[in-house]
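When a residue number appears, it is its place in the shown sequence, counting from 1. Just follow the structure's listing: the first ligand is 1, and inside any ligand the first atom is 1.
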Amino acid sequence: MRKFLIAGNWKMNLLRDSSVALVHGLLDELKGDPNVEVAVCPPSVYLHDVGAALRGSQIALGAQNMYPAEEGAFTGEVSGKMLVDLGCKYVILGHSERRTLMGETDAQVNAKIYAALKCELLPIVCIGETLEQREAGNTSKVVRDQLRGSLAGLTADQMSKVVLAYEPVWAIGTGKTASPAQAEEVHADIRLLLVELFGEATASKTVIQYGGSVKADNAMELLGQPNIDGALVGGASLKAELFLPICLAAQKVKK
Ligand code: 13P
């Protein structure tokens, strides 16, 4: 059975004190559960402080991006090794904001996945269609193309360390969530593609998160879908009282 992964993507929000306070708020209330892993992904400048606050706890640390090279003259960039050095277990790659705002391509995401796996970071690879693409009936094609490009050349063994996050762009930060049925349709399609690319055993083990306006009141129904294995949460991960009920919903869902 797949374990749920509930991850908070803090994006470019909070400052040092509010980051650490949020972690304490989570740790005070969150009870460990063998079926649900919880992670937080703060801005890279706060990974050290957040990591220190999390040390020895059941909450994992993740970063929001990395550069594919190991080291060198790449001003302003951060390597996977540096993230591991700060205690990161996960790294979000190819978020739609990076694809749109920074022009990140599937080929770049692909290079980052290899670099992350090389230093034993677990990539959370984001894919998802825009509203225009959905309305044109192209959701499956867009998501499949992103996956084929981002996951190109990976072996089944490498893929077993990758988490996917389906985040329809039109649902991010808009308050519009994909309905559980809409999300499940895409998740099931993603799993079918994974069977084609990596075989049944790997496909059935791959964690596929949903992201896009996940909140306490829609989490349970989304997470109850057969192919939804967690959530990548933006806005509602910035306050303990909003994020904790989502973690709790995952603990309550029985599949
Ligand atoms: P929201 O939960 O704010 O819609 O953001 C989703 C997201 O982009 C997580 O990576």
Side-chain angles (χ1 to χ4, degrees), residues 4-14 18-19 22 26 37-44 46-47 50 59-66 83 88-104 109 112-113 116 121-131 133-134 139 142-143 146-147 150 162-180 182-183 186-187 190 207-223 225 228-250:
F4 280 125
L5 174 62
I6 308 295
N9 174 10
W10 295 359
K11 308 190 180 183
M12 199 174 75
N13 291 297
L14 305 177
S18 44
S19 296
L22 172 52
L26 297 176
E37 180 168 26
V38 174
V40 291
C41 306
S44 58
Y46 299 131
L47 285 168
V50 170
I59 300 181
L61 185 65
Q64 299 175 16
N65 180 39
M66 59 175 271
L83 299 179
C88 288
K89 176 173 177 182
Y90 293 101
V91 59
I92 299 171
L93 297 178
H95 191 280
S96 67
E97 284 146 19
R98 296 202 58 80
R99 290 177 185 266
T100 312
L101 301 170
M102 285 81 178
E104 206 161 287
V109 175
K112 291 181 182 193
I113 295 174
L121 269 174
L122 306 180
I124 298 177
V125 179
C126 305
I127 64 266
E129 82 288 1
T130 62
L131 187 58
Q133 291 165 331
R134 171 165 285 265
T139 300
V142 168
V143 168
Q146 286 175 335
L147 284 168
S150 303
V162 175
V163 172
L164 299 178
Y166 168 58
E167 299 204 301
V169 177
W170 50 273
I172 296 178
T174 57
K176 281 187 208 154
T177 324
S179 70
Q182 276 176 322
V186 180
H187 281 238
I190 291 172
V207 169
I208 311 175
Q209 298 177 300
Y210 169 79
S213 299
V214 176
K215 309 238 165 1
D217 59 7
N218 58 27
M220 195 122 180
E221 217 189 331
L222 285 162
L223 295 170
Q225 302 302 309
I228 300 185
D229 314 312
L232 187 55
V233 186
S237 71
L238 298 174
K239 289 189 174 157
E241 66 270 26
L242 298 180
F243 192 55
L244 283 164
I246 298 172
C247 302
L248 221 64

Please state whether A236 comes within less than 4.0 angstrom of ligand 1, counting heavy atoms only.
no
Does Q225 have more than 12 heavy atoms from other residues, nucleotides or ligands lying within 6.0 Å of its CD?
yes
Answer yes when E167 and R99 have at least one side-chain N-carboxylate O distance shorter than 4.0 Å, and no when they do not.
no
Considering K11, Q64, E167, E97, which one's heavy-atom position lies nearest to atom 10 (O) of ligand 1?
E167
Per-atom filter on ligand 1: closer than 4.0 angstrom to a heavy atom of N9 are 9 (C), 10 (O)
Spell out, as yes or no, whether a donor-acceptor pair under 3.5 Å connects the side chain of S213 to the backbone of A171.
yes
Tell me: protein heavy atom nearest atom 3 (O) of ligand 1, and distance?
G235 N, 2.8 Å
Would you mind running through ligand 1 and noting each atom that sits below 4.0 Å from a heavy atom of G212?
4 (O), 6 (C)
Can you check whether I172 has an N/O within less than 3.5 Å of an N/O in ligand 1?
no
What protein heavy atom sits nearest atom 2 (O) of ligand 1, and how far away is it?
G234 N, 2.9 Å
side-chain contact (heavy atoms from CB on, under 4.5 Å), that's the test. Do N65 and M102 meet it? Break it down for me.
CA-CA 12 Å; N65 180 39; M102 285 81 178; over 6 Å; no
Within-shell test, G173 vs ligand 1, heavy atom, strictly < 4.0 Å
yes
Taking 4.0 Å as the limit for heavy-atom contacts, which would you say applies to A171 with ligand 1: side chain only, backbone only, both, or neither?
backbone
Single hit among L248, V38, V214, L22 for side-chain contact (heavy atoms from CB on, under 4.5 Å) with F243
V38
Side-chain (Q64) to main-chain (C41) donor-acceptor, under 3.5 angstrom
yes
Are Y46 and V40 close enough, and set up right, to give a side-chain contact (heavy atoms from CB on, under 4.5 Å), and what steps lead you there?
CA-CA 11 Å; Y46 299 131; V40 291; over 6 Å; no
Ligand 1 atoms in contact with S213 (distance to a heavy atom under 4.0 Å):
1 (P), 2 (O), 4 (O)
